[in-house]
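Below: the structure, in structure tokens.
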Amino acid sequence: MPPGPGRGARDFLTDEEKANRPKVTWPLLKRVFSYLTPYWKQMLVVLGCIIVSSVLGLMPSVLTGRIIDQGLIGRDLRLLILLILLSLGVTLGSNLIGVAENYLNNWIAQHITYDMRNKMYRHLQRMSQSFFTSNNQGDIITRMTSDISGVERVVTSTFTSILSNSITLAAAVIIMFRENWVLALVGTLVVPLFTIPTRWAGKTRWTLTRESQECSDQINGILNETLSVSGQLLVKLFGKEDEEYEKYRAANERMIRLNIRESMAGRWFRVVITTFSSVGPMLLYLVGGILMMKYDSDLTVGDISVLVALLGRMYGPVNSLLNIQVEWIRSMALFTRIFEYYDMPVEIESPPDAIVPERADGSVSFEHVRFSYDGERQILKDVSFDLKAGHSVAIVGPSGSGKSTMINLIPRLYDVTGGRVLFGGNDVRTLDLDFLRDKIGIVSQETYLFNGTIRENLLYAKPDATEAELIDVCKKANIWDFIEKQEQGFESMVGNRGLKLSGGEKQRLSIARVLLKDPALLIFDEATASLDSISESKIQEAIDPIVASRTSILIAHRLSTILAADEILVLRDGQIVERGAHEELVKAGGTYTELYETQFKRALEREQS
């Protein structure tokens, strides 16, 4: 029988797919098949199963001739029963082998995608921070999930479809020519013509399906925008209910029309393909009848029945092989997208001869550091300073002056483009990356918590921490009183990204997590920004004693935090323009004085009022 009516919708490339059609080269093919190499033994078994299953699948059609000629016309009941049982047995055997082939095929596909996912995740984990800030997160997740999942379809469908259909078609043609070369020639010449309505209807349905999807996206967009809490409020405030309804009604009407057209296209497809599929057998009956009646051919009714049955078995494989180019291009495009990520260089990693010091004192030195994200605009320009072990430094400056960029260079989230950053007396680029990051703790403005319990989020820093250690760091972070009041204590869920906690609670939990890590250098990057005064006060109470006892870097807008530091660095336009103690910097009349008058002093007055 010919392929089903829904199939054609996938047999055409979109404009985007045509524009991004990959160039299939031998190196690309070699790389693709390299993922099959570890499973070559299983692939050989699959190939054997496909061959046997394909040949056995044609045997019932061949046996039909003997059933008709020798069993029915020959009136041999015993032979008829035997042939029928043999046909059923062959069919069962073919199906059982097909089940085994399907299992092995899926086993191979699952293991290949398992290997590729692990490799992709490991590679993405090693990418620098600039990769994640410059690439769309949705695209990263798509490559990791949908693209690699598509490989499973390639292995289980595209590759095996080529093999199975080719073998079935070849076997059917060989058997047909052995039966009668004239009828076989008629059949093989006619079959490709029957794919014309299939491709025509498929193209029509694909166009309608694409338009329906676009219309559906438009409707979903309207619903998401106008039925959300914020969107509905905006609609009401501007009195746009009727206008939004009209937009929805028009899109909904277009969707209905498209759905009706798509349904009718499918119905007409079935009418056309059913009509066309009956032409082939009729031609074989006609030519066979002429050969038997006019030319005294030794053809029998059974022979013609065999050829008609084999012709029917050829429709599907021919149509699939004619359309395989589309699936092949999509498959290669899939691998190309995956390989594109695999081939992205890891910009920041441990050097081959990485240094692992016995201990780290937490001291930091910037020596004529320069940095640019894009190689053009300089974010940091010749920055130099020293932070001795046990001391603290506050970095202040206008927004966009490069404060957060400075601290990101210490754990090598980015690498300097000039000069060098020293940690414990060693250039950070010479240190083992795991060692370096293990010795640095950062509390950032944007606190991230995993969707789990308080305990699980804390243990992320130290999986083997004891209960006493957890309580100790929570007390230091001024969060223990809150945890103690919770019905489930450390087992309380924090929600997705910590949404069940307030901003201050999340931040204090983040401080406790970093303290549990026990780093040699502790960095606070605007840890009290965007919080109310009460939450800010509790966090400050936690920070002050920590800064007094550890090597610390503070980026802050709160005056009391800045005053807790041993030295203040004033950053402006990527340069340290002032440095020193609070009193002398206020009197200097420079950038710090401006910040004090416009930011620090006002914040202090608000706290005291």
* Asked: Would you say the side-chain atoms of Asp115 and Tyr39 include a donor-acceptor pair closer than 3.5 Å?
  -> yes

* Indicate whether the side chain of Thr591 and that of Glu594 have a donor and an acceptor atom separated by less than 3.5 Å. => no

* **Donor-acceptor pair, side chain of Asn426 and main chain of Leu422, under 3.5 angstrom** => no

* Sequence neighbours excluded - side-chain hydrogen bond (donor to acceptor under 3.5 Å, both in side chains) pairs with any residue from residues 344-354 -> Arg126-Glu349, Ser128-Glu347, Ser130-Glu347

* Is the backbone of Leu436 close enough, under 3.5 Å, to the side chain of Arg412 for a donor and an acceptor to pair up by distance? -> no

* Can the ring centres of Trp40 and Phe33 be said to be less than 6.0 Å apart? -> no

* **Phe131-Tyr341 aromatic ring centre distance below 6.0 Å** => yes

* To do: Start with the C-alpha gap between Val421 and Asp427, add the side-chain angles, then the distance that decides, and say whether side chain to side chain contact (heavy atoms under 4.5 Å, CB included) holds.
  => CA-CA 6 Å; Val421 177; Asp427 188 325; 5.8 Å; no

* Are more than 12 heavy atoms from other residues, nucleotides or ligands located less than 6.0 Å from atom CZ of Phe339? -> yes

* Asked: Taking only residues at least two apart or on different chains, which pairs with a member in residues 510-521 satisfy side-chain hydrogen bond (donor to acceptor under 3.5 Å, both in side chains)?
  -> Asp518-Arg550

* Structure fact -> Closest heavy-atom pair, Leu470 versus Val473, reported as atoms and distance to 0.1 Å, is O-CG2, 3.2 Å

* **Close aromatic pair by centroid cut-off 6.0 Å: Tyr448 and Tyr460** => no

* For the pair Glu567 and His391, evaluate side chain to side chain contact (heavy atoms under 4.5 Å, CB included) and give the outcome as yes or no after the intermediate values. => CA-CA 9 Å; Glu567 184 182 23; His391 289 67; over 6 Å; no

* Taking all atoms of both residues into account, what is the closest heavy-atom pair of Ser384 and Ile576, and its distance? -> O-CD1, 3.5 Å

* Asked: Where do Lys381 and Gln575 come nearest, in terms of heavy atoms and distance?
  -> O-CG, 3.4 Å

* To do: Using side-chain contact (heavy atoms from CB on, under 4.5 Å) as the criterion, point out the one residue from Leu380, Val364, Val428 that pairs with Leu409.
  => Leu380

* Pairing residues for Tyr121 by the ring-ring contact (aromatic ring centres under 6.0 Å, His included) criterion, not counting sequence neighbours -> none

* Could you tell me which residues satisfy side-chain hydrogen bond (donor to acceptor under 3.5 Å, both in side chains) with Lys119, sequence neighbours excluded, listed by chain and number? => Tyr35

* Asked: Please walk me through it: do Ile112 and Val151 pass side chain to side chain contact (heavy atoms under 4.5 Å, CB included)?
  -> CA-CA 8 Å; Ile112 289 173; Val151 171; 4.0 Å; yes

* Structure fact -> Applying salt bridge (Lys or Arg N to Asp or Glu O under 4.0 Å) to Asp382 and not counting sequence neighbours gives none

* **Set of ring-ring contact (aromatic ring centres under 6.0 Å, His included) partners for His582, sequence neighbours left out** => Tyr592, Tyr596

* Asked: Side chains of Asn102 and Asn106: do they bring a donor and an acceptor to under 3.5 Å?
  -> yes

* Structure fact -> Residues Leu515 and Ala477: closest non-hydrogen pair is CD1-N, 4.4 Å

* Asked: Who are the salt bridge (Lys or Arg N to Asp or Glu O under 4.0 Å) partners of Arg337, not counting sequence neighbours?
  -> Asp139, Asp147

* **By side-chain hydrogen bond (donor to acceptor under 3.5 Å, both in side chains) - contacts of Thr466 (at least two apart)** => Glu469

* To do: Start with the C-alpha distance between Leu509 and Leu449, add both sets of side-chain angles, then the distance that settles side chain to side chain contact (heavy atoms under 4.5 Å, CB included), and finish with yes or no.
  => CA-CA 9 Å; Leu509 192 60; Leu449 298 178; 3.8 Å; yes

* Counterpart residues, side-chain hydrogen bond (donor to acceptor under 3.5 Å, both in side chains), relative to Gln378 (two or more places apart) -> none

* For the student: nearest non-hydrogen atoms of Pro519 and Val514, plus distance -> CD-O, 3.3 Å

* **Side-chain H-bond candidate by donor/acceptor type, Asp525 with Ser444, under 3.5 Å** => no

* Between Arg420 and Val369, which heavy-atom pair has the shortest distance, and what is it? -> O-CG2, 3.3 Å

* Asked: Does OH in Tyr114 sit with more than 12 non-hydrogen atoms of other residues, nucleotides or ligands closer than 6.0 Å?
  -> no

* Structure fact -> Residues at least two apart in sequence or cross-chain that pass ring-ring contact (aromatic ring centres under 6.0 Å, His included) with Phe371, listed by chain then number, are Tyr373, Tyr414

* Please test Ser492 against Arg455 for side-chain hydrogen bond (donor to acceptor under 3.5 Å, both in side chains), starting from the C-alpha separation and ending with a verdict. => CA-CA 8 Å; Ser492 301; Arg455 182 188 301 277; over 6 Å; no

* Listed partners of Phe385 passing ring-ring contact (aromatic ring centres under 6.0 Å, His included), at least two apart -> Phe366

* Applying side-chain hydrogen bond (donor to acceptor under 3.5 Å, both in side chains), name anything that partners Lys475, two or more places apart in sequence or on another chain. => none

